[in-house]
Amino acid sequence: MAADASSAPASQPALRHDWTRAEVEALFALPFNDLLFQAQGLHRQYHQPNSVQLSTLLSIKTGACPEDCAYCPQSVRFETGLKKEPLLDVEVVLEAAREAKDNGATRFCMGAAWRSPKDRDLERVEAMVRGVKAMGLETCVTLGMLKPAQAERLAGAGLDYYNHNLDTSPEYYGKIISTRTYEDRLDTLANVRAAGVKVCCGGIVGMGEEQSDRAGLLQQLANLSPHPESVPINDLVQVAGTPLKGADALGGIEFVRVIAVARILMPASYVRLSAGRTAMSDETQALAFFAGANSIFYGEKLLTTENPQNARDRALLVQLGIQTEGAVAPAASAEASASCGAGAAAASTSCCG
Ligand code: SAM
Ligand code: DTB
Ligand code: SF4
């Protein structure tokens with residue numbers, strides 16, 4: 001897990017898990033330059049300043065999900081025109097993982113449109129995890145709610161990360177999802193932790209929420225102890241047919257504020273500039289990296305929607321002088337002091353495909 005308060009070197013401020021809403025809102029209220037200066041300063045104390053980690057996503061089971069998450073094209077309740085697909089064969093997944101590795105990704109994230117996995121489906125997912133891990137990639141899955149025994153099975157297969165997002169503030173949550181509670185999500189996160197699997201947990205912004213909801217989401221994440229090792233910040237991808245199509249989009253400056261506040265609250269964690277990059281300008285992404293984002297989804301598809309073309313991402317990283325982390329897995333005890341540089345090359349065509 002990420003270095004936590006007890007293990008942080010003296011040069012790094014102790015990690016906190018007792019943030020108040022007022023403190024988080026005060027960070028949002030800082031002048032933009034002061035906020036970014038603080039975030040960038042902390043970023044440099046915990047991470048390589050010009051390095052980004054690449055994760056590639058694959059939808060291993062698509063659509064027909066019984067949940068009603070208002071942002072999601074995969075819910076069975078919304079007419080989004082998405083073609084449903086049953087759980088993929090292991091070989092198909094391993095082929096996609098090989099390609100992701102060849103393109104420079106160091107983590108392969110497999111997502112399933114389930115409320116929670118059935119025990120009989122887990123066997124195939126375990127085989128996927130074992131196969132992807134054997135290629136030298138880090139593994140991540142997101143399968144919905146997990147019971148303790150299911151988390152333990154995935155841990156036994158060697159799973160590195162489980163992604164399960166809180167999505168928004170506790171107050172706004174009821175406007176977005178009715179079929180599972182905030183508490184359900186916290187329970188799954190606790191089961192994942194207890195099984196010894198690292199936590200990838202973040203949320204979505206641009207869903208019509210207020211700034212205080214964005215503060216509330218980050219407060220919840222930062223008060224998890226330990227912090228999630230990986231914090232994906234998604235900018236809503238609006239999909240026709242979902243209730244959130246037409247929601248007020250978040251401006252780039254406010255999006256960058258969210259990244260900066262996440263970096264300040266969880267300085268040792270990886271903050272991932274996640275969904276929504278296709279619609280984002282290069283300049284907004286550059287500011288997000290300055291604010292402390294140090295991971296992206298790389299590859300031309302997220303789960304069901306588009307991600308930037310590889311060539312666009314390569315050009316952006318080269319332009320910014322940002323290197324991609326090498327394919328060497330970080331030491332289990334100190335993800336935050338990561339291994340960028342080990343095997344990493346400049347963000348050139350030779351590195352990220
Ligand atoms: N079904 C599982 C679950 O919800 O836990 C796993 C897959 S689900 C698609 C994973 C995450 O993707 C969601 O928690 C949400 O944060 C994000 N997501 C889904 N649709 C999105 C969209 N349209 N824009 C941005 N993020 C989205
Ligand atoms: C996360 O926080 N974002 C990813 C991953 N975890 C699974 C998913 C984004 C999905 C965007 C909509 C889609 O492509 O279906
Ligand atoms: Fe289902 Fe996950 Fe989409 Fe919600 S976010 S509808 S649980 S696939």
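Numbering of ligands and ligand atoms starts at 1, following listing order. Here, residue 1 is the first one in the sequence, and each next residue gets the next number.
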Counting each atom of ligand 3 from 1 as listed, which ones have a heavy atom of Cys72 under 4.0 Å away? 3 (Fe), 5 (S), 6 (S), 8 (S)

Could you check whether atom CG of Asp248 has more than 12 heavy atoms from other residues, nucleotides or ligands sitting under 6.0 Å from it? no

Any idea which of Asn163, Leu303, Val237, Asn307 brings a heavy atom closest to atom 8 (C) of ligand 2? Leu303

Output yes when Lys61 and Glu85 qualify as a salt bridge under the 4.0 Å nitrogen-oxygen rule, no when they do not. no

Ion pair check, Arg312 and Glu300, cut-off under 4.0 Å: no

For atom 7 (S) of ligand 3, which protein heavy atom lies nearest, and how many Å away is it? Glu67 CG, 3.4 Å

Decide if the gap between the ring center of His47 and the ring center of Tyr270 is smaller than 6.0 angstrom. yes

Pull out every atom of ligand 2 sitting under 4.0 Å from any heavy atom of Leu57, numbered as shown with elements. 4 (C), 5 (C), 7 (C)

Where ligand 3 meets Ala113 - atom numbers and elements under 4.0 angstrom, heavy-atom basis: 8 (S)

Are Arg16 and Glu23 within salt-bridge range, i.e. N to O under 4.0 Å? yes

Thr304, Leu82, Ile204, Thr142: member with heavy atom nearest to atom 15 (O) of ligand 2: Thr304

Ligand 3 versus His164: contacting region, heavy-atom distance under 4.0 Å: neither

Give the atoms of ligand 2, by number and element, whose distance to some non-hydrogen atom of Pro232 is under 4.0 Å. 2 (O)

Less than 4.0 angstrom from a charged side-chain N to a carboxylate O is my criterion; do Arg214 and Glu209 meet it? yes

Return the CG to CZ distance between Leu137 and Arg107, rounded to the nearest 0.5 Å. 10.5 Å

May I ask you to say whether Arg277 pairs ionically with Asp235, meaning some side-chain N is under 4.0 Å from a carboxylate O? no

Can a cation-pi geometry be assigned to Arg257 and Phe32, taking NZ or CZ under 6.0 Å from the six-membered ring centre and within 45° of the ring axis? no

Does the distance from a Lys or Arg side-chain N to an Asp or Glu carboxylate O, for Arg21 and Glu171, drop under 4.0 Å? yes

What protein heavy atom is closest to atom 12 (C) of ligand 2, reported as residue, atom name and distance in Å? Thr305 OG1, 3.6 Å

CZ of Phe78 to NZ of Lys245, rounded to nearest 0.5 Å, is 14.5 Å

Output the distance between atom CG (Asn50) and atom CZ (Phe289), rounded to the nearest 0.5 Å. 11.0 Å

Per-atom contacts, ligand 3 versus Tyr71 - under 4.0 Å to a heavy atom: 5 (S)

With the criterion set at N/O pairs under 3.5 Å, what does the list of contacts between the protein and ligand 1 look like, atom names and distances included?
| from | atom 1 | to | atom 2 | distance (Å) |
| --- | --- | --- | --- | --- |
| ligand 1 | 1 (N) | Ala112 | O | 3.2 |
| ligand 1 | 1 (N) | Trp114 | O | 3.2 |
| ligand 1 | 14 (O) | Asp167 | OD1 | 3.4 |
| ligand 1 | 16 (O) | Asn165 | ND2 | 2.9 |
| ligand 1 | 16 (O) | Asp167 | OD1 | 2.8 |
| ligand 1 | 23 (N) | Tyr71 | O | 3.1 |
| ligand 1 | 23 (N) | Val237 | O | 2.9 |
| ligand 1 | 24 (N) | Val237 | N | 3.0 |

Atom NZ of Lys133 with >12 non-hydrogen neighbours under 6.0 angstrom: yes

Given Gly63, Gly111, Cys65, which has its nearest heavy atom closest to atom 1 (Fe) of ligand 3? Cys65

Can you report which non-hydrogen protein atom sits closest to atom 4 (Fe) of ligand 3, along with the distance? Cys69 SG, 2.3 Å

I need the atoms of ligand 2 closer than 4.0 Å to a non-hydrogen atom of Asn165, numbered in the order shown. 1 (C), 2 (O)

Would you mind checking which non-hydrogen protein atom is closest to atom 4 (C) of ligand 2, with the distance to 0.1 Å? Phe297 CE1, 3.6 Å

among protein heavy atoms, the one nearest atom 3 (N) of ligand 2 is Asn234 OD1, 3.0 Å

